[in-house]
Every structure is written in structure tokens, then in C-alpha cells.
Amino acid sequence: NQHTIEMAISSGAAGWAVLPCCIVKESYLDASCSVQLSGDSTRYHVLCGALAHRYRAQLVAEIDQRITNRYVFIAGGVGVNGGDHVVEAMGIDVEVAAEEREATQAQSVLAT
């Protein structure tokens with residue numbers, strides 16, 4: 001999940017999408033965060049939310065649960081590397097996407 005998203009971002013892809021399976025808590029939550037939830041399904045959904053938040057997902061949806069018990073679909077990055085026409089087709093405000101793109105680029109500059 002993490003590797004796929006980061007590879008898409010670093011290569012300048014028009015977007016990314018994952019169907020998370022095995023989610024390691026430490027990849028998306030601070031080490032000081034203790035996850036004490038009963039039930040694998042609840043834990044899975046919380047960690048999918050953490051993943052979506054970390055990578056600023058633009059879509060969190062589900063596929064048919066008869067296909068797999070890991071049915072949360074997460075996508076984002078559209079408009080971050082250009083491609084505003086794709087953003088418009090998804091019904092996302094292009095100006096907001098441009099502002100987010102600029103903020104992401106500024107964060108990247110600060111991180112280096």
C-alpha cells in the first residue's frame with residue numbers, strides 16, 4: 001500500500017489507487033498510538049482511514065464484499081501532478097486541487 005502510493009507520487013502519476021490488504025499500524029499511525037480494538041474488521045477500517053488521511057485520499061469507497069473481505073478502495077493524487085481535466089471529470093473543484101497541489105509541492109521542498 002505505502003510503497004505503491006509513494007511510487008505513484010514520486011513518478012508523477014496522474015493519481016493512485018489501492019485496495020489495502022495487510023496494513024501495518026506503524027506505517028500510518030505514530031508509534032505512541034495504541035490500537036486496542038476488538039475485531040479485525042474494525043481495526044482494518046480504522047487503519048484504512050489512517051492511510052487515507054496520511055496520503056490525502058480523494059475517494060474512499062468499497063467494492064462488493066463477496067469478492068474479498070478487504071473491500072475498501074482508496075484513491076487520490078488526482079490533480080496533484082497536473083491533469084486538471086481528470087479532476088473536473090471527478091467533480092472536484094480545480095481551484096481547490098491547484099491549491100492542494102501547491103501546498104504539497106511546498107511541503108516537498110521543505111522536506112528536502
Under 3.5 Å donor-acceptor pairs involving side-chain atoms of residues 31-39, not counting sequence neighbours:
{"unit_1": "Ser32", "atom_1": "OG", "unit_2": "Asp30", "atom_2": "OD1", "d": "2.6"}
{"unit_1": "Ser34", "atom_1": "OG", "unit_2": "Gln36", "atom_2": "NE2", "d": "2.9"}

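Annotation for Pro20 and Ile23: closest pair CB-CD1, 3.7 Å, computed over non-hydrogen atoms. In plain terms, the two heavy atoms of Val72 and Val60 that are nearest each other are CG1-CG1, 3.9 Å.
Here Ser27 contributes atom OG and His3 contributes atom NE2; the two are 12.5 Å apart, rounded to the nearest 0.5 Å. Atoms CG and SG, on Asn1 and Cys22 in that order, are 8.0 Å from each other to the nearest 0.5 Å.
Listed by first and then second residue, the ring pair (Phe, Tyr, Trp, His ring centres under 6.0 Å) pairs that reach into residues 14-57 are His45-Tyr71, sequence neighbours excluded.
Residues Ile74 and Leu59 have side chains not in contact (no heavy-atom distance under 4.5 Å, counting atoms from C-beta outward). You'll find the side chain of Leu47 reaches within 4.5 Å of the side chain of Lys25, heavy atoms only.
Scored by the side-chain hydrogen bond (donor to acceptor under 3.5 Å, both in side chains) test, Arg54 finds no partners at all (sequence neighbours excluded).
Listed for the Glu62 side chain is no donor-acceptor partner under 3.5 Å among the backbone atoms of Phe73.
Following chains of ILVMFWY side-chain contacts shorter than 4.5 Å, one cannot reach Leu51 starting from Val24, and the two form parts of different hydrophobic clusters.
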